[in-house]
Amino acid sequence: MYNFKKIEKKWQEHWDKNNTFKTEIDNDKKKFYMLVEFPYPSGEGLHVGHGRVYTASDVQARFRRALGFNVLFPMGWDSFGSPAEHYAIQNHIHPKEAVTRNIEVFRGQMKSLGLSVDWNREFATTDPDYYKWTQWQFLQFYKHGMAYKAKKDINWCPNCKIGLSNEDASGGVCERCGTKVVQKEKEQWMLRMSDYAEELLDGLEDTKFNNRTKIAQVNWIGKSTGAEVDFSLKGLDDKLKIYTTRCDTLFGVTFMVIAPEHPLIEKYKDRIKNIKEVSEYQEQAKSKSEFERTELVKDKTGVCLDGIVAINPVNNKEIPIWISDYVMMSYGTGAIMAVPAHDQRDYDFAKKYGIDIIEVIKGGDISKCAYTEDGEMVNSGFLNGITNKKDSIEKMLDYLVEKKIGKRKTNYRLQDWIFSRQRFWGEPIPIVNCPKCGYVPLDEKDLPLLLPDVAEYEPTDNGESPLAKISEWVNTTCPKCGGAATRETDTMPNWAGSSWYWLRYMDPHNAREFASKEAMNYFGKVDLYDGGMEHATRHLLYARFWNQFLYNIGLVPNKEPFEVRISHGMILASDGEKMSKSKGNTVNPNEMIRNYGADALRTYEMFIGDYSKDASWSENGLRGCFKFLNRVYTLKDKVNEKNGYSEELETIIHKTIKKVTEDLTNLDYNTAVSALMILLNEMEKSSSITKDEYRVLLQLLNPIAPHITEELNEECKLGEELSKSSWPIYDEDKTVSEKVEIGVQINGKLRDTITVLKSSSKEELEQEALKSEIIKKWIEGKEIVKVIAVPGRIVNIVIK
RNA sequence: GCAAGAAUGGCGGAAUAGGUAGACGCGCUACUUUGAGGGGGUAGUGAAUAUAUAUUCGUGGGAGUUCAAGUCUCCUUUCUUGCACCA
């Protein structure tokens, strides 16, 4: 068993001492920017899932360096967030203390994994030097009219007295105390992200994100094209505006539905005879969390407005108006036209309340709601007889525009970004509220606006941020008029700090600007961004939005920040379940490193399976990789004094260089390890190997297992330090041996194999195949219909 | 419900462009080495039939295209992920 403890410690200290992985701008070299999502430094430390991701990124960094790139491979900490705040509340210490401690642990663990990170560039989002620029960028949003304050419903825990994000309120209950969450209206800072919907969609064309990620983004933006149609209200000089993607079904409308929050109700409350019932319903809808409203999909409820009736603009029919919580105020106009014959939700509602169902597209089964794409239009006046959905929509749109009762309209699911949190542990929003001047941004020279050092972080009773209680911090003077004013007490969401961190890595110590133009021009886009699928929508969208905004105001050189985005799979426990403390199925990476070494852990995490897919942990698998490294180590005894490649190993060496090079390029880490195992197996069969042969094996293995390979390279005096050496090259012609074995089939079934020269022609292959005794036996007495011979691949003889 | 992806031995997983399915590893079996071990080595290991040579079957299921299908087309089942009363 090789002494991995000693070797790994030695090389980690060597890299630290020599600043081996320090990156600087070098205009003579092409850059490669490898970015991996920075972690939230929790109290738990790294788990083996982190190990897989950081190892894979490190393999890329080391590989690209060997290929001659100037690699930027930084690491930092996404250290704002509620766990640190909870910890602070319980222990009455400033969250920055817990953060500092946790970062120490994380950094130590990463170093013990042997990551080739440039630690000179490390920072945390909670560093005032960093969040100064987060605040500065917020002010740019504000100054460009992209930040505004608006009343919004938020998830509110009446017990903890705190606003919760949707994630923290999943299941409709407070994540911390289990209390049912209610909706509460609050004034919130918003960023106009919906203005960027089209640009965010278009920008995807300029990226090489994997398909899954692109689709997730497209779905999240949720572009839909349709029409807005005005329904007049009987006896009133007013209209009800609805949004629909299927205006072709207008003749099938039998009722309207508006969201419970729709302003129409307040406006005409005197006319609505059953206003009491309506108000009760509104209250009930309000007390439901967003979760409940969307979960109870099947059970539709509603109240019909008694006293207001709409008129269908295409046939002047009177139509009742209902309120129901299956219509959301936040999408479209908060009102819909209901076509129960052709929409499942409308159908369910109509069935429950006994509303008419009118078929307008023939072909489906009306008794259970028909999703009809194309069918003949019926009961539809001027649309009757049309059999194509697109045509009938177009004809209706023309009609609506001509009669001035509607227009084309594109809608997006994407909404503005709620940018306020009522929390302590976030970037303070650098705005002052002056009774005279209104909202006034802080002067940029007064940034960073620091979080105060106090000992209490409990939330307030009224839903304000804990900062609101700290009067000496809140009370200030107006930067504009100098009069008494108060600070904004909301802080930024956790997503803020991660929305531009890749820019700061390029120039992390810059005190004058968030990053210099020179650094941003040189390092450019992130070449490869690795992260979890759970961030493929929000984080990635926020980051792209933020960057596009900075680009549009001329502060960054590229509109899209990331060239390639990949998403890795999770490491599951050996039982196939998610690892969790409560299940007791977690694996401690420290323990694995202690027992088998970082190199074995790294090798195993690369070998475990397809990097983009989830994989189950197996300590036996890790042991297999440990064994592999031990065999690589033992192989040193076979190294002779010769250079060059022996005839025996030449082909397999060229083949392996090619395979590993391609696999690392394509992120197929598992097959790269497998190819190296095959190479080792072959080398072990030889009585001795040359120095160059051993060095190639070590070089190819170096990105994956950097410590042991450096050690062996040094010990056997094979050449320059591997982390400074360039990647081995291969000769395509030498990747296949002169003689190849190919299969011979009879009617598509394998019957024999023959060994032929790789250059053999079709005719030679055919001749050779027919010489085989086994083949002769099979074709005896049969008629050969034809022979297919594909050089280098197969011979297939078709007989009758 | 919508969208995307996946399904291959006892297990994790390979298979370039349709061309010898199961590479590589784990596990298991036999032998061997050592004082012992979750140690080292050698050989075997998809299933069935067979003394052996060998034959048949085999990539979730069903059809199809082709000389040839894990791979392409259509249908279908199951699972995973993302979004979800989005009008």
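Note on naming: letters A, B, ... go to the chains in the order of the sequence lines (proteins, then strands), and numbering restarts at 1 for each one. All heavy atoms count here, side chains included; hydrogens, waters and symmetry mates do not.
- Closest to the side chain of Trp220(A), out of C83(B), A23(B), C67(B), is C83(B).
- Here G19(B) is the nucleotide among A4(B), G13(B), G19(B) with the atom lying nearest to any side-chain atom of Ile794(A).
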Report, one line per pair, each donor and acceptor closer than 3.5 Å where one atom sits in a side chain of residues 619-629 of chain A; sequence neighbours left out.
{"from": "Glu619(A)", "atom 1": "OE2", "to": "Tyr596(A)", "atom 2": "OH", "distance (Å)": "2.8"}
{"from": "Asn620(A)", "atom 1": "OD1", "to": "Arg623(A)", "atom 2": "NH1", "distance (Å)": "2.5"}
{"from": "Arg623(A)", "atom 1": "NE", "to": "Tyr596(A)", "atom 2": "OH", "distance (Å)": "3.2"}

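- Out of U55(B), G25(B), C86(B), the shortest distance to the side chain of Arg751(A) is found at U55(B).
- Taking a pair to require two hydrogen-bonding distances under 3.5 Å in either a Watson-Crick or a G-U wobble arrangement, C11(B) pairs with G25(B).
- A68(B) sits 15 Å from C57(B) when the P atoms are compared, rounded to a whole Å.
- Asp575(A) places its CG atom 16 Å from the P atom of C11(B), with the value rounded to the nearest Å.
- With G27(B), A23(B), A87(B) as the choices, the nucleotide that has an atom nearest any side-chain atom of Ser674(A) turns out to be A23(B).
- Side-chain to base pairing of Asn796(A) with C67(B): one donor and one acceptor N or O lie within less than 3.5 Å of each other.
- Set against C85(B), U20(B), G25(B), the side chain of Arg631(A) has G25(B) as its closest nucleotide.
- With sequence neighbours excluded, the residues satisfying salt bridge (charged side-chain N to carboxylate O under 4.0 Å, His left out) with Glu732(A) are Lys658(A).
- For Lys762(A), the salt bridge (charged side-chain N to carboxylate O under 4.0 Å, His left out) criterion is met by no residue, not counting sequence neighbours.
- Taking only distance into account, the side chain of Arg623(A) meets the base of G38(B) through a donor-acceptor pair shorter than 3.5 Å.
- Taking the ring centre of Phe209(A) as origin, the terminal cationic atom of Arg565(A) falls outside the region bounded by 6.0 Å and 45° from the ring axis.
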Please table the atom pairs, donor to acceptor, closer than 3.5 Å between any side-chain atom in residues 677-684 of chain A and protein atoms at least two apart or in another chain.
{"from": "Asn681(A)", "atom 1": "OD1", "to": "Arg631(A)", "atom 2": "NH2", "distance (Å)": "2.5"}
{"from": "Asn681(A)", "atom 1": "ND2", "to": "Met677(A)", "atom 2": "O", "distance (Å)": "3.4"}
{"from": "Glu682(A)", "atom 1": "OE2", "to": "Lys685(A)", "atom 2": "NZ", "distance (Å)": "3.1"}
{"from": "Glu684(A)", "atom 1": "OE1", "to": "Arg631(A)", "atom 2": "NE", "distance (Å)": "3.3"}
{"from": "Glu684(A)", "atom 1": "OE1", "to": "Arg631(A)", "atom 2": "NH2", "distance (Å)": "2.9"}
{"from": "Glu684(A)", "atom 1": "OE2", "to": "Arg631(A)", "atom 2": "NE", "distance (Å)": "3.1"}

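- Of all heavy-atom pairs spanning Ile357(A) and Ala350(A), the tightest one is CG1-CB, 4.3 Å.
- RNA chain B is contacted by Trp778(A), Lys786(A) of residues 775-786 of chain A, taking any non-hydrogen atom closer than 4.0 Å.
- U59(B) sits 7 Å from G70(B) when the P atoms are compared, rounded to a whole Å.
- Between A15(B) and U32(B), the distance separating the two C1' atoms is 35 Å to the nearest Å.
- For Phe545(A), the ring-ring contact (aromatic ring centres under 6.0 Å, His included) partners at least two apart in sequence or on another chain are Phe141(A), Tyr196(A).
- Side chain of Lys749(A), nearest nucleotide from C57(B), G25(B), G19(B): C57(B).
- In this structure, Asn630(A) does not reach the G39(B) phosphate: none of its side-chain N or O atoms is under 4.0 Å from OP1 or OP2.
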